A.B. asks: 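Here it is, the structure, as structure tokens.
When reading the values below, keep in mind they use all heavy atoms of this one structure, side chains included, and skip hydrogens, waters and symmetry mates. None of the values given here were measured: they were computed from a predicted structure.
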Amino acid sequence: LHWAKKLAPYGIAIRILKAQAGACLICLYRAGWLRQILAEPSNQAFLQRHGYQTGQGCGSLLEQLSRRLEVGFPHEIGLFLGYPLEDVEGFIQNQGRNYTACGCWKVYGDPHAAQERFDCYRRCTALCRERFRQGADVTQLILLEAGWAKNLHLSYLLFSFALMRLPFRMRAGFGRF
């Protein structure tokens with residue numbers, strides 16, 4: 001809960017999606033952006049087709065995702081991570097094959113647009129890693145990410161990608177959530 005309170009003023013929420021054997025799958029997200037993505041009519045229809053009860057808010061959808069993670073790995077998690085719906089549907093329909101590009105996820109749409117997004121994520125990740133190595137704390141990285149956010153459509157992903165790609169010894173400094 002320490003980090004939840006520390007990150008809340010920056011609009012970032014933390015939710016444990018799955019806990020088992022001393023490990024946790026943690027979702028770091030900007031609640032407003034996630035709500036916006038999950039409220040899109042096409043995304044709502046997709047989630048309904050996959051058995052989600054929509055219309056009860058972002059928290060309810062995250063809870064449903066969490067329950068699904070207890071029994072397997074639901075590929076619709078990509079939608080919650082901000083992957084384009086076209087890519088999430090393509091992955092499910094093609095069982096992970098026949099993609100047009102592969103980077104942070106498998107792409108089933110425009111490979112050039114996806115590559116531009118992946119390049120931006122890689123630059124942000126590299127910058128966050130370097131700043132972390134130089135002694136920046138988590139809140140400084142969030143402010144750094146917020147500066148990048150002005151230029152990106154799905155920018156709430158950036159901090160998550162940067163954090164998740166930090167070597168474990170660097171992530172260990174985050175302590176308990």
Side-chain angles (χ1 to χ4, degrees), residues 1 3-19 24-94 96 99-101 103-118 120-121 124-125 138-139 141-164 177:
L1 293 178
W3 283 105
K5 289 178 185 175
K6 190 166 183 161
L7 297 176
Y10 299 97
I12 295 179
I14 298 174
R15 184 177 189 116
I16 297 174
L17 293 177
K18 183 178 180 179
C24 292
L25 176 60
I26 297 170
C27 181
L28 237 63
Y29 61 98
R30 293 192 180 275
W33 285 330
L34 184 58
R35 270 193 302 277
Q36 184 179 357
I37 288 169
L38 297 178
E40 287 285 325
S42 56
N43 293 341
Q44 291 262 317
F46 168 81
L47 290 170
Q48 287 172 351
R49 286 193 307 273
H50 285 86
Y52 284 79
Q53 300 296 315
T54 60
Q56 299 170 9
C58 184
S60 172
L61 291 170
L62 284 167
E63 181 58 38
Q64 292 173 66
L65 175 64
S66 184
R67 284 194 303 269
R68 289 165 182 254
L69 283 163
E70 293 301 322
V71 296
F73 193 83
H75 295 298
E76 65 271 12
I77 196 170
L79 195 62
F80 291 82
L81 295 173
Y83 300 178
L85 178 59
E86 176 180 32
D87 295 338
V88 176
E89 288 180 317
F91 184 88
I92 292 169
Q93 291 167 359
N94 290 282
Y99 46 89
T100 59
C104 299
W105 62 84
K106 291 183 178 176
V107 176
Y108 292 85
D110 181 357
H112 300 292
Q115 191 58 53
E116 286 178 16
R117 185 179 289 169
F118 297 157
C120 188
Y121 291 162
C124 181
T125 299
V138 175
T139 55
L141 293 178
I142 291 167
L143 294 173
L144 174 67
E145 182 264 343
W148 282 65
K150 296 173 186 169
N151 301 316
L152 297 170
H153 177 65
L154 293 175
S155 57
Y156 79 94
L157 276 175
L158 292 177
F159 182 74
S160 296
F161 271 113
L163 177 61
M164 295 308 156
F177 287 91

A.B. asks: Testing the 3.5 Å rule here: is there a donor-acceptor pair between the side chains of S60 and Q64?
C.D. replies: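 Indeed, the side chains of S60 and Q64 share at least one donor-acceptor pair under 3.5 Å.
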
A.B. asks: Between K18 and L69, what is the shortest heavy-atom contact and its length?
C.D. replies: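 Residues K18 and L69, closest heavy atoms: NZ-O, 3.1 Å.
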
A.B. asks: If every non-hydrogen atom of T100 is compared with every non-hydrogen atom of G109, which pair is closest and at what distance?
C.D. replies: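 Minimum heavy-atom separation between T100 and G109: OG1-O, 2.8 Å.
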
A.B. asks: From Y52 OH over to L38 CG, what is the distance, rounded to the nearest 0.5 angstrom?
C.D. replies: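 Taking OH in Y52 and CG in L38, the distance rounds to 9.5 Å.
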
A.B. asks: Quick check on F46: does its CZ atom have over 12 non-hydrogen neighbours (other residues, nucleotides or ligands) under 6.0 Å away?
C.D. replies: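 Atom CZ in F46 is crowded, with more than 12 foreign heavy atoms closer than 6.0 Å.
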
A.B. asks: Please report the interatomic distance CD1(I16) to SG(C27), rounded to the nearest 0.5 Å.
C.D. replies: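 I16 atom CD1 to C27 atom SG measures 11.5 Å (nearest 0.5 Å).
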
A.B. asks: Could you measure the distance from the CD atom of Q44 to the CG atom of L61? Nearest 0.5 Å is fine.
C.D. replies: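 CG of L61 is found 6.5 Å from CD of Q44.
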
A.B. asks: Start with the C-alpha distance between Y83 and I77, add both sets of side-chain angles, then the distance that settles side-chain contact (heavy atoms from CB on, under 4.5 Å), and finish with yes or no.
C.D. replies: CA-CA 9 Å; Y83 300 178; I77 196 170; over 6 Å; no

A.B. asks: How long is the straight-line distance from CD of E40 back to CG of L85, given to the nearest 0.5 Å?
C.D. replies: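 CD of E40 is found 9.5 Å from CG of L85.
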
A.B. asks: E89 pairs by side-chain contact (heavy atoms from CB on, under 4.5 Å) with which of R49, E76, H75?
C.D. replies: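 In the set R49, E76, H75, the residue that makes a side-chain contact (heavy atoms from CB on, under 4.5 Å) with E89 is R49.
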
A.B. asks: So, R35 side chain and R30 main chain: donor-acceptor pair closer than 3.5 Å or not?
C.D. replies: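 No, the answer is negative, given that no donor and acceptor are paired below the 3.5 Å cut-off.
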
A.B. asks: Compare every heavy atom of K106 with every heavy atom of D87, then report the nearest pair and how far apart it is.
C.D. replies: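 The pair with the smallest heavy-atom distance is CB-O, 3.7 Å.
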
A.B. asks: Please find the pair of heavy atoms, one from R68 and one from P74, that lie closest to each other, and give the distance.
C.D. replies: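 Nearest pair, atom of R68 first, then P74: CB-CG, 3.9 Å.
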
A.B. asks: Determine whether W105 and L81 make a side-chain contact, defined as any pair of heavy atoms from C-beta on separated by less than 4.5 Å.
C.D. replies: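 W105 vs L81: side chains apart.
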
A.B. asks: Atom CD of Q48 and atom CG of N43: how far apart are they, to the nearest 0.5 Å?
C.D. replies: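 Those atoms lie 11.0 Å apart.
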
A.B. asks: Say you draw a straight line from CD of E63 to SG of C58; how long is it, rounded to the nearest 0.5 Å?
C.D. replies: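 With rounding to 0.5 Å, CD (E63) is 12.0 Å from SG (C58).
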
A.B. asks: Looking at every heavy atom in both F80 and L34, which two are closest together, and how far apart are they?
C.D. replies: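 Between these two residues, the closest heavy atoms are O-CD1, 3.4 Å.
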
A.B. asks: What pair of heavy atoms forms the shortest contact from I14 to L28, and how long is it?
C.D. replies: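 In this case the closest contact between I14 and L28 is CG1-CD1, 3.4 Å.
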
A.B. asks: Just say parallel, tilted or perpendicular for the rings of Y121 and F118, cut-offs at 30° and 60°.
C.D. replies: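 Answer is tilted, since the angle falls between 30° and 60°.
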
A.B. asks: Using 30° and 60° as the class boundaries, would you call the ring planes of Y108 and F91 parallel, tilted or perpendicular?
C.D. replies: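 Rings of Y108 and F91: perpendicular, as their planes differ by over 60°.
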
